[in-house]
2 protein chains.
Amino acid sequence: MRISEASAKSGLSADTIRYYEKSGIVPPIARGPDGLRRFSPENLEWLTLLYWLRKTGMPMKEMQRFASFYRQGEATVPQRRDLLLKHEQRLQERRADLARCEEVLSYKLAAYDRIEGNRS
Amino acid sequence: MRISEASAKSGLSADTIRYYEKSGIVPPIARGPDGLRRFSPENLEWLTLLYWLRKTGMPMKEMQRFASFYRQGEATVPQRRDLLLKHEQRLQERRADLARCEEVLSYKLAAYDRIEGNRS
DNA sequence: GCCTTGACCTGGAGTGACTCCAGGCCGGTA
DNA sequence: TACCGGCCTGGAGTCACTCCAGGTCAAGGC
């Protein structure tokens, strides 16, 4: 498939995909006889994983390490697992942030309700 | 209180606080006779709110609108409430992202377990 | 056969939200 | 008096994109 389809299916913009390829997070994508990128299903799976990792706050440096482990083959599975476990940790922290923010918001909204209540 | 204390209590770095003041998200902070910023308790409450809004993904443009409503006084409470409600929406979306990512991760981790299981 | 359209290419500039730093001032301590 | 720590300002640097100019190529319409 070409870049527009890979973009639609992975969630990453075409620009971001090219940028990721340049930075080595995505392996060099095969080209057709026309010089355009042709994405394999494995490429797409990789992009989709990156999309979710990035969207939930994994920094690029870490994705680069992850990608380099990936390129080194199955022997690096333990290291890759560690990175993903670390990311799960991060998800926990984010969840806690969301909960804390929710509290702050409902406190603020309640204060607004009181003001509105007094005015009307 | 001075900037280091405001930073420690709000969660924002001193640099970020100064940056926010420059961009008008934080009102001009009063200065002592030495020319240093002196933060009032209200200043601190505002900073803390900004910290949580920003940390959970409110863009600066929106915080600017929020700040400008705030400067216009109580008449803008409904608009401010709308912005906060919109942000609550965003929190929901983030939560969904986290959940989806969690799924992707556990799928990947399970695949790693299978590989490791076969190897040993 | 030619022209237009649209998807893609590259290299490079621009953006958002910080973050860091150089160079300077000031009040307190040894 | 010399130094130190905390603060100041203006400006440069960073990260992770995002946008754009200028160009190629294949397919469809006239």
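Below, chain A is the first sequence line, B the second, and so on; all start at residue 1.
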Exercise. Answer with base, sugar-phosphate or nothing: what part of the nucleic acid does A:D34 contact at a heavy-atom distance below 4.0 Å?
Key: nothing

Quiz item: Atom CE of A:M1 to atom P of C:dA7: distance rounded to whole Å?
Solution: 18 Å

Self-check item: Nearest-nucleotide 5' precedence on DNA chain D, A:P33 against A:Y19
Solution: A:Y19

Quiz item: Which nucleotide in the set C:dA17, D:dA16, D:dT9 lies at the smallest distance from any side-chain heavy atom of B:P59?
Solution: C:dA17

Quiz item: Are B:T16 and C:dA17 close enough that a side-chain N or O sits under 4.0 Å from OP1 or OP2?
Solution: no

Practice problem: Using a 4.0 Å heavy-atom cut-off across all strands, classify B:R38 as base, sugar-phosphate, or nothing. | Solution: nothing

Quiz item: Is the distance from OP1 or OP2 of D:dC8 to the nearest side-chain N or O of B:R37 less than 4.0 Å?
Solution: yes

Quiz item: A:I17 has an atom CD1; how far is it from atom P of D:dC19, in whole Å?
Solution: 15 Å

Quiz item: Hey, are B:D97 and B:R94 close enough for a salt bridge, meaning a charged N less than 4.0 Å from a carboxylate O?
Solution: no

Quiz item: Looking at A:R2, does any N or O in its side chain come under 4.0 Å of the phosphate oxygens OP1/OP2 on C:dA7?
Solution: no

Quiz prompt | Residue B:D15, side-chain heavy atoms: nucleotide from C:dG16, C:dC9, C:dC21 that is nearest | solution = C:dC21

Exercise. Round to a whole Å and report the spacing from NZ of B:K22 to C1' of D:dC8.
Key: 11 Å

Exercise. Working to the nearest 0.5 Å, report the span between CD1 of A:I3 and CD of A:E21.
Key: 8.0 Å

Exercise. Report yes if at least one side-chain N or O of B:S4 is closer than 4.0 Å to OP1 or OP2 of D:dC7; otherwise report no.
Key: yes

Practice problem: May I ask you to verify if any side-chain N or O of B:Y20 is less than 4.0 angstrom from the OP1 or OP2 atom of C:dC18? | Solution: yes

Quiz item: If you check the A:I3 side chain, which of C:dC9, D:dC8, C:dC18 turns out closest?
Solution: C:dC9

Quiz item: When you measure from the side chain of B:K61, which nucleotide among C:dG16, D:dC7, C:dA7 comes out closest?
Solution: C:dG16

Quiz item: D:dT18, C:dC8, D:dT9: which one has an atom nearest the side-chain heavy atoms of B:R31?
Solution: D:dT9

Quiz item: A:E62 CD to D:dA16 P: how many Å, rounded?
Solution: 11 Å

Practice problem: Considering only NZ, NE, NH1 and NH2 on the basic side and carboxylate oxygens on the acidic side, decide whether A:R100 and A:E103 come within less than 4.0 Å. | Solution: yes

Exercise. Report the distance from atom CZ of A:R18 to atom C1' of D:dA16, rounded to the nearest whole Å.
Key: 16 Å

Exercise. Report the distance from atom CD of B:E88 to atom CZ of B:R81, rounding to the nearest 0.5 Å.
Key: 11.5 Å

Quiz item: Taking NZ, NE, NH1 and NH2 as the nitrogens, is one of them in A:K108 or B:E45 under 4.0 Å from a carboxylate oxygen of the other?
Solution: yes

Practice problem: Could you work out which one of C:dA17, D:dC8, D:dC17 sits closest to the side chain of A:R54? | Solution: D:dC17

Exercise. Give the rounded distance in Å between these two atoms: CG of B:L36 and P of D:dG5.
Key: 17 Å

Quiz item: Rounded to the Å, how far apart are A:L50 CG and D:dC17 C1'?
Solution: 14 Å

Quiz item: Can you tell me how far C1' of C:dC18 sits from CG of B:L12, to the nearest Å?
Solution: 11 Å

Exercise. Indicate the atoms forming the closest heavy-atom contact of A:R54 with A:Y20, along with that distance.
Key: CG-OH, 3.3 Å

